[in-house]
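To keep things clear, I will list the structure first and then write my remarks on it.
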Amino acid sequence: MCGRARCTVRVDAVGRACGFSAPLRSVNADRYQPSYNVAPGAHMPVVRHDGAGDAREPVVHCMRWGLVPNFAKKSEKPDFYRMFNARSESVHQKISFRRLLAKNRCLTTVEGFYEWKKDGQKKQPYYIHMQDGHPLVFAALYDTWESPEGDMLYTFTILTTRVSKRLEWLHDRMPVILKGQDTIDSWLNDNLSEDVMKKLTQPYEAPDLIWYPVTPAMGKPAFNGPECIEEIKPKVAGESNIAQMFGKQLAQENKSHVNKVMSQDIKDEDFLNDEDFKALLAGMQPDQDVSEAVSHSEYSSLDRLNTQATPKEEAPPLIKPETKEEDPPLIKPETKEEDPPLIKPETKEEDPPLIKPETKEDHVPQTNKEEDSATAGVKQKQSNLLGFFSKE
DNA sequence: CCAGACGTTGTT
DNA sequence: GTCTGG
DNA sequence: CCAGACGTTGTT
DNA sequence: GTCTGG
């Protein structure tokens, strides 16, 4: 599945990432805060078609992740976590999604997403992304919901599918990644047959989708800087020492067949690098000044790629997830503070202060007051097609 | 007819 | 909105 | 998705 | 465990 992502793509690069050569009009771009750790509820750039007939055109519309269906009760707060994913296998038999298939398909682009793999008690997050740093294009559906105040809320959900063979050891679901222009166009334009649908929702198998472990600190949504995607050495039971060496070696082998994806011309400037991001946090415009940066964006961090980043095509998982668990490493790693002893010593001496030390932690942006924008509501003109999705 | 649900994970 | 359950 | 809280009384 | 918040 997909419940967390890095979304730092610039709004003006989203269209290109989806294969549009001309710049796209944008809607509510101001609400989008690029982040290395977006969760449902956040605003993200989405490409959808707006208008009908001759006026029909693709736009980059910043919407909130997590579908709030049109019929949601106005009496309660919108819940962005209930439907942030939609299973592609069942999407046409689910009431909440089926209605969106004809006219409300859209795309969203992220540089990568996170999955947590449980290793015993611990959960280790991994960052999954294209080896060359290009954004991933996800298939998505959007809907609108009118708030009690009369504002129109746009939300979307990301389609998921079973995982590719390669990703199997990590997880069992993954987002529907559209690969290639034909696939993207197919999803966006109004001609979906069952066959096409099936083809589009195949799990992404190519070896240029890679992953590595990242700091567990990114589990906290407020931890949303570039550190989120820094590779760490997994301190995971069963994945240390030998396994790591193996992974490293394998990753190197795999480096030999890196291939380029899509024929588009995506440049460094399309991504927020660390400098841009810091500037952004500081309230500056990413575009102005901010050195020329570039230096160590995607690519330098890619050089540090190692550890079982890329399991082989059909090779079984390097590390058998179930096989280990309690296996002590051959060589005792240096003192791990986190290591739970077999028997819990009661040394746990956390004296609760009478008064909670104030958790200075968040500077979380303000609440979004979905104000009435000049945006016209979508004129949904029902039209032809789609007798298809009435199967069971 | 009206009322109520409408979704995804992951877990042992 | 649209489907299921009573 | 993960993180963090999870309660009452009565008070200035 | 279960709910809320981001």
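Convention: sequence-line order gives letters A, B, ...; per-chain numbering from 1. All values derive from a computational prediction rather than experimental measurement.
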N/O contacts under 3.5 Å, protein versus nucleotides 10-12 of chain B?
residue : atom : partner : partner atom : Å
dG10(B) : OP1  : H171(A) : ND1          : 3.1
dG10(B) : OP1  : H171(A) : NE2          : 2.5
dG10(B) : OP2  : D172(A) : OD1          : 3.1
dG10(B) : OP2  : D172(A) : OD2          : 3.4
dT11(B) : OP1  : K118(A) : NZ           : 3.0
dT11(B) : OP2  : K118(A) : NZ           : 2.6

Mind checking what makes side chain to side chain donor-acceptor pair (under 3.5 Å) contact with [X], not counting sequence neighbours?
{"X": "R82(A)", "result": "none"}
{"X": "N189(A)", "result": "H49(A)"}
{"X": "Q202(A)", "result": "none"}
{"X": "T155(A)", "result": "none"}

Quote, to the nearest angstrom, the P distance that separates dG1(E) from dT8(D). 23 Å
What is the per-nucleotide protein-contact pattern of nucleotides 1-7 of chain B, from the 5' end, where B denotes a base atom under 4.0 Å from a protein heavy atom, S denotes such proximity for sugar-phosphate atoms only, and - denotes neither? -----BB
Between which nucleotides of DNA chain C, read 5' to 3', does contact with chain A run, using atoms under 4.0 Å from its heavy atoms? dG1(C) to dC3(C)
Regarding T157(A), tell me which of base, sugar-phosphate or nothing describes its non-hydrogen contacts under 4.0 Å with the strands shown. nothing
Going by side chain to side chain contact (heavy atoms under 4.5 Å, CB included), name the residues that satisfy it together with [X], two or more places apart in sequence or in a different chain.
{"X": "P221(A)", "answer": "R4(A)"}
{"X": "K199(A)", "answer": "none"}
{"X": "S90(A)", "answer": "R87(A), Q93(A), K94(A)"}

Applying the Watson-Crick and G-U criteria (both distances under 3.5 angstrom) with [ ] for crossing and | for other-strand pairs, one obtains for DNA chain D ||||||......
Compute the centroid of each ring, for H61(A) and then for Y154(A), and state whether the two points are separated by less than 6.0 Å. yes
Solution key, residues 67-81 of chain A side-chain donor-acceptor pairs under 3.5 Å, sequence neighbours excluded:
residue : atom : partner : partner atom : Å
N70(A)  : ND2  : T144(A) : O            : 3.1
K74(A)  : NZ   : E146(A) : O            : 3.1
D79(A)  : OD1  : Y81(A)  : N            : 2.8
Y81(A)  : OH   : P40(A)  : O            : 2.6

